[in-house]
Structure formats: structure tokens, C-alpha cells
Amino acid sequence: MTASWKRTHTCGELRAAHAGRTVVLNGWVQARRDHGGIYFLDLRDRYGVTQIVLSQAVLGDTKLGPEYVLSVRGKVSVREGSNVNRERPTGEVEVLVEHVEVLSASPVPPFPIEEQLDTALDTRLRYRYLDLRRGNLQRNLIHRSRFIQSMRRAFEREGFLDIETPILTKATPEGARDYLVPSRVHPGEFYALPQSPQIFKQILMVAGYDKYFQVARCFRDEDLRADRQPEFTQLDMEMSFVDEEDIFGVWERVMQATMREACGVEIAVPFPRMSWDESMERFGVDKPDLRFGLELVDAKAWAETCEFQVFRNALASGGRVMGIVVPAVHALSRKDVTGLEEHAKGVGAKGLAWWKAEKSGGAGPLAKFCAAPGAAESLMKLMGASDGDTILFVADREAIVRKVLGDLRNQLGRKFGLAKAGEWRFTWVTSFPMFEWDEDSKRWFSAHHPFTAPVDWTLGGPSPDLGKLSSRAYDLVLNGWELGSGSVRIHRADVQQRIFEILGIGPEERQRKFGFLLEALSFGAPPHAGFALGLDRTSALTLGLDNIREVIAFPKTASATDLMCGAPSIVAPEQLAEVHIRTVTEPDPKP
RNA sequence: GGGGGUGUAGCUCAGUUGGUUUAGAGCGCUAGCCUGUCACGCUAGAGGUCGCGGGUUCAAGUCCCGUCACCCUCGCCA
């Protein structure tokens, strides 16, 4: 027998068609309007809000505070004329209550449960269960759920198997800091939480599971950002007997289906592909926002003939001189330019040279170097500028020129409203550098990870310039965000051994840390490649949000704490003893 | 680890060169009134460790030093 308090409908579904029906609604008290003889109440659940009408006789001396949980039974009544609330889907009806039961009382909440909320984040996080009652968060999490469900369906259609990999696993020597878990059974030994399922999914390929995917939680003990949490979720996948084009094809179909089903957006495939070199050269960054132009232009041809010593010196010392042309229509003021220069200096530039382009000589610091006959015209031609445009130049080492101009480009795109919401410009960025030199430790590191295959390199060939070697790694980029990355893997144990040698990981260390992978690869590994998509970032971006906390039910603060449950926390001495841990630092006093 | 920002009522904020009796406002809350509101309205009321600690001063929400928390960011994130 059904308990009498159980709902027959949600708070979002009653319409005029339900008129006369006796219904039971369950929900939270959203708002109360007491008119003496008649008492209105808005009852809320995640499906909507319905107006409840109570008489004094029914209410009696029952107290109904905000966020009380109620069960109300009554008749659906159609509202007449001006009593209809057209703002809400349920506004044409109300429930005339015959019986009300308080299922649960509540203190006054520390902040109101409403959409427009400017309460400080720490208060919201401390009472996350109240924050999550708000429509915004509910919509975000519903969107995320639909997004992920849609992706799962797409991967199933593609023939992928959903296989779980361990959370308690082995520490990895490279990459991010690991979260460690002490072993009780093995004193002094530790598990690590996975930074990604990387090694396990490669081993699944060796095992013959040629199409694997998983919604995988990953853990990295590094400092947070608006788009980075210490634990995050990836749609992780790997395939055998494929190259990068097969991976791209699967993801283009998956993203097209998911954008259609979860976002109602049609996107064009295939996505454009560009090399890392091209992206850096045209946009100054490895995750270009393709919604607008303002591309970087090489000014070398002009700079090497001009009298401006800053430009000449930069080139003479092996650096670059590049610029961005800001069309006249955006009317960049001197104050704007000063602001941009401050910003440029903040990110490492020594200065920002600019020129208001005019065939007659123009204005700005560069104008006097454009005075020579033909100088202005040739510079405008080189840069693709027209009269009235403003050109911003940076002269420095290549890395700084790219970083500063890439940064300025993004800033200008935002400032001029060129990066339009609702426009989705995906792109693959390919051929990342294979290795990066680290000055501090005087050694090479993998730019992606040590299992990434190099482009065009055979073991027998001449020793390559490691800094110029490209890898078969790729990123998926959307509107200036890196959504995910992957690579074609090394499937031969001898090549893998050689990479470890370059990385300075000796035979003994190699064996201890990766021996099981090398051994697995030696037992007949198929060529394989994979990719992982950041689901937090992708969910946030497709909702137009710039902080992934808004799509995570229980996120952490910038210092990696959980304000609701109070993690991390000290534990009882017995608990430490059990896992053979002794602390050497007293914890910070908690306020 | 570095840089920047914020911290005053449950929430969001104001608070002048340090000085006006009891640190204010809006919202929320409580009580009373009100039979058609829907962010109901009207009247009244309660509510404060000015993040915390120290210092300067006749006097500190306000100035100085330290510290904590939160946010953004650089480093970091194979």
C-alpha cells in the first residue's frame, strides 16, 4: 500500500488539464505569502514550482518555514483571469490543499535558494547541499549528466567496451604529483591514485580489448585554477590497429552526436587540423580560439631593414619581430594601447611598439621609422594593414613574442566581443614537440608522456635533434580551451626503451617503475592510440561557464579543501599507526 | 612558493582626512494586521568578536605589523 504522503506529481507538471484531480505534491517551501484568511505557498522540487493555496482551517497552527519539506494533498484548480501567473509553466493552476504534512523542518537557510545569487563562494561551498537546490546548479548538473550519457551511447554505438581500471595503483615517476595512499598490509609502501588510466588502457590494448572507453576519475596533486580541480573526470578511450585519423574520426562522430543531443547544436565535421607549429605561429598559443582573426604576422622582412634598434637587435640575437593588426573599426585608443602594453609587460614583454598605420606616416612610437619613402607602405603591405588600423608589435625571443601576442590576441578578442557565445569552433592541434629541455635538472622531459610515439623517427637512423622532434600527440581545442589530449603510442618495447634512455630513466629504474608495461608491450602489442576528454571543462564550456566548479557537485577550494565535509583533516593516532605513518609536521591550526 | 583582490548583521553591501551619544541600509528572519498574492503589502522587532592576533594613538571598522580563510593568477599541471 502506498503511503498517503507520497507524491502523485512533481512540482513542475500540473497544467489546466489536471483540473479537478486530487493530487499529492512533495517539495520544499520556496516562498510564503500570508494574507490572513488565505495563505499562498510556492512548493519547489527540481522539476519546478507550483502554487499551493491553504486556508486557515487547513493550516491550523502548523508552522511552515522556508525550506521545510512538505507533503500537500489537494485539488488542482484552474486560476482565473489576472490570477494566472504567466511567468511559470505551472502558472495556470494551483492546488487547493485539504491536508498538509510537514515531512521535515529546517532552520532558516544561510542564503536564499534562488537563481540570482551573489553569495560568496565559500558560503555556498560550506552549504553545498543548499547551493545545489538552486535552479542554476541543477540545470548545470542535468546538462553534465545528459552530456555524459550521450557520449556513453555514442561510444557504445561505435563498439567500445566500458572497462574500469584501478583507483589504487602505482606511483609514476614523471608528470604531476601523485596523491598517495599508505598500505596497511605493506608497511612503508604506498599506492598512488591514478593521474589517468594511461598505462592500464595501453595494457588493455595488449590484452586485445581493441576499443576501450571509461568515464574515469583522475587525480593530480597540483595547484588549482578556475579550470583545474585536484580530482577531475575524463572520457578516456583507446583503440588498437589505428592511427590518429581513426581517433579523430571517432571523436568527431561522438562530439557531433553529443553536441546535437545534449546542446541542440549542429557542428560541422571533420574538425580542422593544424600542427602545433602552425598554431603557435598564427595564434601564439597551442589552444587557439578560432572564432576570430587577429592572427600574428611576421614582421621580420620589414624589421630587418628598418632603423629601429629594438627590432634589429631582437632579430640579430635570433629572436622574432611579430605583430597583430587591429582593424580601424575597433578604434583602439591610446589609453587602450597603454593598458595593453601594461598587460604585455606583465606577461614578460619588455615593451609594446605600436603604429597607427597611414601611408602618409601614421602615428605612434614606430611612426618615425616609417617616414622614409615607401617604408609605411611596405610595412602595411607586409602586415596586411589598411589606413587607420593599429598594429601592435613585440620584438623578443620567439617564446616571449608568441606568448605576449597570443595573450593580447585573446584579450582583444574578448574586448571587442569577437569571441561570440554560441559559436563552436573545434580544431585538432597535432605534432606537438616530443621533448622539452628542463634547465633546472638539465635533462629532457616528455612534452606529452613517455609512451607517445615520435613522428618520422626510426631507431636505426641518425641521432635527431631532440628539441625539434615532433610527437604524434594531439589536442582537441574548442574556443580557446584545451578539452583533451591523446597520442599514438609506442607499441614496440625497443622504441619505448630508447625513449626512456633519452629521458634519463635508467634500466634499473625503468624496470622498477615501468617493467610491467615494457613486459606487456613485449608480448605482442598492437599499434594503438587514444584520447581523453576533460568532461568538467567540456560541460562548463558548453554551458558558457568559465569555472568548472559550477558543473561539479562537490568541488574543492583553491587550496584543495572541501568546505562542506572538512577534508583534508587530521586522523586518530591509531589510524595512523595502522598504516605505519608518523607525521613530522603539525597541521595548521584551523580557524 | 610568488603576485593581485576580498573579508563589517543570516545574505549583499555602505561606513569620508582616525573623532557625532547606541556601527547603518536593502534583503531575509520573528511578531501583529490583511481572502487573490506570486520577490504580496503595511506596522513593529530581534539580530554585530567590524576574519583573528598584536601594535601606534587621548581615541582604530578606519593607520601599521603579523596571521587565517576565500577568489583570480604565475610557477606547477608527463
Side-chain angles (χ1 to χ4, degrees), chain A residues 30-44 49-57 63 65-67 77 79-88 90-91 94 96 106-127 130 172-178 194-196 198-199 218-230 232 343 346-348 403 407 432-436 438 440 444-452 471 473 482 485 487 499-500 503 505 513-514 534 546-547 549 556-561 563 588-591:
Chain A
Q30 174 77 35
R32 301 160 295 160
R33 295 175 292 278
D34 181 358
H35 287 251
I38 187 167
Y39 190 104
F40 298 99
L41 184 138
D42 291 336
L43 200 65
R44 182 198 72 238
V49 174
T50 299
Q51 174 160 288
I52 305 301
V53 185
L54 293 129
S55 66
Q56 276 305 335
K63 187 181 139 33
E67 299 307 313
S77 164
R79 292 154 77 166
E80 303 291 341
S82 64
N83 288 339
V84 174
N85 183 342
R86 300 186 192 287
E87 306 290 306
R88 249 183 218 162
T90 61
E94 58 195 3
L96 306 178
S106 170
V108 177
F111 51 84
I113 311 304
E114 55 193 30
E115 306 254 332
Q116 294 301 318
L117 186 74
D118 43 12
T119 297
L121 186 65
D122 48 348
T123 310
R124 291 174 50 203
L125 290 179
R126 164 132 190 254
Y127 302 96
L130 299 179
T172 46
E174 305 230 350
R177 244 174 252 117
D178 287 314
Q195 296 177 26
S196 81
Q198 182 61 38
I199 292 174
C218 306
F219 306 86
R220 294 177 191 176
D221 187 5
E222 298 293 347
D223 288 338
L224 285 77
R225 290 288 185 279
D227 63 351
R228 265 165 36 193
Q229 285 269 313
F232 59 99
H343 186 86
V347 294
K403 176 162 175 36
D407 223 67
F432 276 71
M434 183 83 183
F435 300 108
E436 282 164 3
D438 181 64
D440 292 337
W444 293 97
F445 278 86
S446 291
H448 186 56
H449 59 55
F451 321 112
T452 304
S471 73
E482 177 200 324
S485 59
S487 62
I499 297 297
F500 282 137
L503 295 174
I505 302 174
K513 290 169 176 163
F514 296 111
D546 52 16
N547 196 304
R549 271 192 277 258
K556 292 187 171 52
T557 66
S559 58
T561 64
L563 294 178
D588 289 332
K590 301 272 177 186

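Letters A, B, ... are given to chains in the order of the sequence lines, protein chains preceding strands, and every chain is numbered from 1.
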Going 5' to 3' through nucleotides 30-35 of chain B and flagging B where a protein heavy-atom sits under 4.0 Å of the base, S where only the sugar-phosphate is that close, and - otherwise, we get S---BS

[atom1]-based separation of [M] from [N] [nearest Å]:
N: B:rA60; M: B:rU21; atom1: P; value: 16 Å
N: B:rA9; M: B:rG61; atom1: P; value: 14 Å
N: B:rG47; M: B:rC11; atom1: C1'; value: 13 Å
N: B:rG19; M: B:rG24; atom1: P; value: 15 Å
N: B:rC50; M: B:rU6; atom1: C1'; value: 15 Å
N: B:rA46; M: B:rA25; atom1: P; value: 12 Å
N: B:rU16; M: B:rU8; atom1: P; value: 16 Å
N: B:rG10; M: B:rC72; atom1: C1'; value: 27 Å

Give a yes/no answer on whether the side chain of [X] brings an N or O atom under 4.0 Å of OP1 or OP2 in [N].
X: A:Ser559; N: B:rC70; value: yes
X: A:Thr561; N: B:rC70; value: yes
X: A:Arg549; N: B:rC71; value: yes
X: A:Asn547; N: B:rC72; value: yes
X: A:Arg225; N: B:rC74; value: yes
X: A:Arg33; N: B:rC40; value: yes
X: A:Thr557; N: B:rC70; value: yes

Please tell me which of A:Glu222 and A:Thr123 maps to the more 5' nucleotide of RNA chain B, matching each residue to the nucleotide holding its nearest heavy atom.
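The answer here is A:Thr123.
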
Map A:Asp118 and A:Asn85 onto RNA chain B by nearest heavy atom, then report which one ends up closer to the 5' terminus.
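Looking at RNA chain B, the more 5' nearest nucleotide goes with A:Asp118.
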
Does any donor-acceptor pair link the side chain of [X] with the base of [N] at a separation under 3.5 Å?
X: A:Glu94; N: B:rG36; value: yes
X: A:Arg79; N: B:rC38; value: yes
X: A:Arg220; N: B:rC77; value: no

Is the count of non-hydrogen atoms from other residues, nucleotides or ligands lying under 6.0 Å from A:Glu87 atom CD greater than 12?
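Not more than 12 within 6.0 Å, no.
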
Sequence neighbours left out, what passes side-chain hydrogen bond (donor to acceptor under 3.5 Å, both in side chains) with A:His35? Give chain and number order.
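None.
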
For A:Arg177, what residues pass the side chain to side chain contact (heavy atoms under 4.5 Å, CB included) criterion, not counting sequence neighbours?
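Only A:Asp221, A:Glu222 meet the side chain to side chain contact (heavy atoms under 4.5 Å, CB included) criterion with A:Arg177.
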
Whole Å only: how far is the [atom1] atom of [X] from the [atom2] atom of [N]?
X: A:Asp546; N: B:rU73; atom1: CG; atom2: C1'; value: 14 Å
X: A:Gln30; N: B:rC38; atom1: CD; atom2: C1'; value: 11 Å
X: A:Arg124; N: B:rU12; atom1: CZ; atom2: C1'; value: 14 Å
X: A:Glu115; N: B:rA39; atom1: CD; atom2: P; value: 13 Å
X: A:Arg88; N: B:rC40; atom1: CZ; atom2: C1'; value: 12 Å
X: A:Lys556; N: B:rC71; atom1: NZ; atom2: C1'; value: 18 Å
X: A:Gln229; N: B:rC70; atom1: CD; atom2: C1'; value: 14 Å
X: A:Glu114; N: B:rC27; atom1: CD; atom2: C1'; value: 9 Å

Which part of the nucleic acid does [X] contact within heavy-atom distance under 4.0 Å: base, sugar-phosphate only, or nothing?
X: A:Pro110; result: sugar-phosphate
X: A:Thr452; result: nothing
X: A:Gln56; result: nothing
X: A:Asp42; result: sugar-phosphate

For A:Thr172 and A:Lys513: C-alpha separation, side-chain torsions, deciding distance, then whether side-chain contact (heavy atoms from CB on, under 4.5 Å) applies.
CA-CA 7 Å; A:Thr172 46; A:Lys513 290 169 176 163; over 6 Å; no

Pairwise side-chain contact, A:Thr452 with A:Ser446, heavy-atom cut-off 4.5 Å (strictly under):
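They are not in contact (no side-chain heavy atoms under 4.5 Å apart), so the answer is no.
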
Checking base pairs now: Watson-Crick or wobble, both atom distances under 3.5 Å. What partners [N]?
N: B:rG10; answer: B:rC27
N: B:rG47; answer: none
N: B:rC42; answer: B:rG32
N: B:rG66; answer: B:rC52

Hey, is A:Asp42 close enough to A:Arg33 for a salt bridge, meaning N to O under 4.0 Å?
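Yes.
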
So, are A:Arg44 and A:Glu114 salt-bridged, with charged N and O less than 4.0 Å apart?
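Between A:Glu114 and A:Arg44 there is no salt bridge, as every charged N stays at least 4.0 Å from the carboxylate O atoms.
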
Where does the angle between the aromatic ring planes of A:Phe500 and A:Phe514 fall among parallel (under 30°), tilted (30 to 60°) and perpendicular (over 60°)?
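Answer is parallel, since the angle falls under 30°.
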
Indicate whether A:Phe40 forms a stack on B:rU37; treat it as stacked only if centroid distance is below 5.5 angstrom and interplanar angle below 30 degrees.
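Aromatic stack with B:rU37 present for A:Phe40.
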
A:Phe40 vs A:Ile52, side-chain contact (heavy atoms from CB on, under 4.5 Å): CA-CA, chis, key distance, verdict:
CA-CA 6 Å; A:Phe40 298 99; A:Ile52 305 301; over 6 Å; no

Distance, nearest 0.5 Å, that separates CZ of A:Arg549 from CG of A:Leu125
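Nearest 0.5 Å value for the CZ-CG distance: 6.5 Å.
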
